[in-house]
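Worksheet: one structure, shown below.
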Protein chains: 2
Amino acid sequence: MARAAETRRRTRIQVEKESQILAAALNAFAQNGFAGTTLDGIAAGAGMSKPNLIYYFDSKEEVYRAVLGRTLETWLEPLIALDPAGEPLNEIRGYIRRKLEMSRDRPQESRLFAGEILAGAPLIRDVLEGELKDLVDEKVAVIRQWVADGKLAPHDPYHLIFAIWATTQHYADFDVQVRAVLGGSVSEDDRYKEATAFFDTVIIGGLTPR
Amino acid sequence: MARAAETRRRTRIQVEKESQILAAALNAFAQNGFAGTTLDGIAAGAGMSKPNLIYYFDSKEEVYRAVLGRTLETWLEPLIALDPAGEPLNEIRGYIRRKLEMSRDRPQESRLFAGEILAGAPLIRDVLEGELKDLVDEKVAVIRQWVADGKLAPHDPYHLIFAIWATTQHYADFDVQVRAVLGGSVSEDDRYKEATAFFDTVIIGGLTPR
DNA sequence: CTAGTTTTTGACCATTTGGTCAAGGTCACT
DNA sequence: AGTGACCTTGACCAAATGGTCAAAAACTAG
């Protein structure tokens with residue numbers, strides 16, 4: 001059987017080709033969504049024939065699962081890194097910064113994720129309700145404590161986290177719109193600097209106890 | 001020729017059927033994206049045969065264009081209603097409220113729009129760069145004046161508007177995720193109340209001059 | 001070098017899907 | 001009721017697409 005990632009050790013070629021496929025697939029799925037992406041398209045992007053692609057992954061859905069799974073891993077990191085022992089406003093600021101960097105440096109992953117959620121998260125519903133929810137619950141408790149200690153202005157941490165997700169990912173997911181509105185004059189670098197400054201003023205400002 | 005919306009006056013049946021089609025198409029496109037939606041699916045949703053659908057709209061893309069165009073109209077209203085003569089913090093608060101209500105009451109439209117942008121806005125690039133940009137530029141000038149008058153804390157209004165779009169639409173576009181994280185316990189009504197309260201604290205708080 | 005394994009692909013197939021067409025049914029107006 | 005325009009659809013078509021298969025090419029271990 002052609003199952004590549006099985007018990008047997010992976011060959012050099014397998015490692016290389018699978019990596020090429022996942023890279024091409026990420027671009028394709030992020031740009032066109034699951035339904036809008038063709039195996040031929042991914043194969044072309046990966047520089048191989050469609051049967052060759054299907055030799056490494058049994059089906060289109062399996063390619064999608066693989067690239068989505070890989071994305072999910074890195075997706076949780078920024079929130080995990082929120083340190084309960086740190087200085088509250090600094091931790092929030094750091095979290096926003098990390099999320100914003102991710103939008104800037106890995107926009108395709110962001111769009112892939114957005115597409116999956118928009119479609120109703122058919123493949124990762126359980127991750128959202130399990131791993132993600134648990135992680136968020138944990139961090140919400142931390143933030144609640146910070147609020148109780150008077151280190152942050154009173155607010156609902158769930159919605160703070162939603163707001164951080166929404167605003168930071170917006171720059172990747174709605175990139176076209178952001179560019180259109182800002183016009184060609186603003187460079188990507190400036191955009192992210194402005195965004196950082198904005199969050200520092202408004203979000204952090206809004207969270208600062210008075 | 002079958003062109004329905006031409007010079008000739010539209011018949012009663014045309015009005016009815018086109019409305020049914022657009023409603024079904026909105027659901028289909030919002031749920032499955034352009035590529036993931038089939039004419040048969042829309043036709044079934046509208047309670048008619050595929051050839052009958054194609055009698056009213058010449059192609060799948062034209063159906064999509066129609067439903068997207070209709071959505072765009074209502075999409076700009078909340079920002080248009082931002083009143084330069086109003087009290088700044090109140091105007092911002094009102095804008096947030098209107099956008100949030102739209103997310104709650106017209107989530108399908110929000111998702112349709114999100115899908116189009118995510119895909120690179122192939123059909124509405126020009127609207128974004130034209131109508132939308134002009135409107136935003138105009139309101140940004142208003143907000144800048146408010147800042148200059150010391151009525152709002154200094155900030156970049158472009159990013160304020162992005163933040164408002166992102167956070168409010170998040171509740172429609174990423175609904176599945178929001179639900180998953182909050183768990184079944186929180187009703188839709190409560191969710192929107194909490195969100196409103198959050199924005200009042202953090203965004204409005206962050207914009208209040210000190 | 002050789003044998004066995006892994007990798008690669010052209011040709012092919014079944015299904016789905018956007019769209020056509022001709023024929024029949026329905027509606028509105030006189 | 002009659003007639004012309006409007007509406008509806010079953011049957012059909014061509015293209016696109018997910019996936020198969022057998023046979024050839026390339027690689028690896030001994």
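In the text below, chain A, chain B and the rest are named by the order of the sequence lines, each starting its count at 1.
- Regarding B:Asn52, its CG atom lies at a distance of 14 Å from the C1' atom of C:dG19, rounded to whole Å.
- In this structure, B:Tyr192 has its ring center at least 6.0 angstrom away from the ring center of A:His159.
- A salt bridge links B:Glu18 with B:Arg10: the closest approach of a Lys/Arg side-chain nitrogen to an acidic carboxylate oxygen falls below 4.0 angstrom.
- Here C:dG10 presents its P atom at 14 Å from CG of A:Leu53, a figure rounded to the nearest Å.
- As rounded to whole Å, 14 Å separates atom P of C:dT6 from atom CD of A:Glu18.
- Distance, B:Tyr64 OH to C:dG18 P: 15 Å, rounded to whole Å.
- Put simply, A:Gln14 has a side-chain N or O that comes within less than 4.0 Å of OP1 or OP2 on C:dT7.
- In this structure, CD1 of B:Ile13 is placed 10 Å from C1' of C:dA28, rounded to the nearest angstrom.
- Regarding B:Glu16, its CD atom lies at a distance of 11 Å from the P atom of D:dC7, rounded to whole Å.
- Between B:Asp126 and B:Lys133, none of the side-chain N atoms (NZ, or NE/NH1/NH2) sits under 4.0 Å from a carboxylate O, so this pair counts as no salt bridge.
- Rounding to whole angstrom units, CD1 of residue A:Ile21 and C1' of C:dT7 are separated by 12 Å.
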Would you tabulate the pairs of protein nitrogen or oxygen atoms and nucleotide nitrogen or oxygen atoms of nucleotides 18-23 of chain D closer than 3.5 angstrom?
{"residue": "D:dG18", "atom": "OP1", "partner": "A:Thr37", "partner atom": "O", "Å": "3.2"}
{"residue": "D:dG18", "atom": "OP1", "partner": "A:Lys60", "partner atom": "NZ", "Å": "3.1"}
{"residue": "D:dG18", "atom": "OP2", "partner": "A:Leu39", "partner atom": "N", "Å": "2.8"}
{"residue": "D:dG18", "atom": "N7", "partner": "A:Lys50", "partner atom": "NZ", "Å": "2.9"}
{"residue": "D:dG19", "atom": "OP2", "partner": "A:Lys60", "partner atom": "N", "Å": "2.8"}
{"residue": "D:dG19", "atom": "N7", "partner": "A:Lys50", "partner atom": "NZ", "Å": "3.3"}
{"residue": "D:dG19", "atom": "O6", "partner": "A:Lys50", "partner atom": "NZ", "Å": "3.1"}

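- Classified by interplanar angle (parallel below 30°, tilted 30° to 60°, perpendicular above 60°), the ring pair B:Tyr64/B:Phe34 is perpendicular.
- Listed nucleotides C:dA28, D:dT8, C:dT7 differ in distance to B:Arg12; the shortest reach to its side chain belongs to C:dA28.
- Taking side-chain N and O atoms only, A:Ser49 has no distance below 4.0 Å to OP1 or OP2 of C:dG10.
- The phosphate of C:dT8 (OP1 or OP2) has no side-chain N or O of A:Tyr55 nearer than 4.0 angstrom.
- Of the side-chain N and O atoms in B:Lys17, one or more sit less than 4.0 angstrom from OP1 or OP2 of D:dT8.
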Salt bridge (Lys or Arg N to Asp or Glu O under 4.0 Å) between B:Arg179 and A:Glu129, worked out: CA-CA 9 Å; B:Arg179 280 177 202 271; A:Glu129 288 168 351; over 6 Å; no
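- Counting to the nearest Å, the P atom of C:dT7 and the CZ atom of A:Phe57 are 13 Å from each other.
- Note: A:Trp75 and A:Phe113 have tilted aromatic rings, judged against thresholds of 30 and 60 degrees for the angle between ring planes.
- Using a 4.0 Å cut-off between charged side-chain N and carboxylate O, A:Asp40 and A:Lys50 make a salt bridge.
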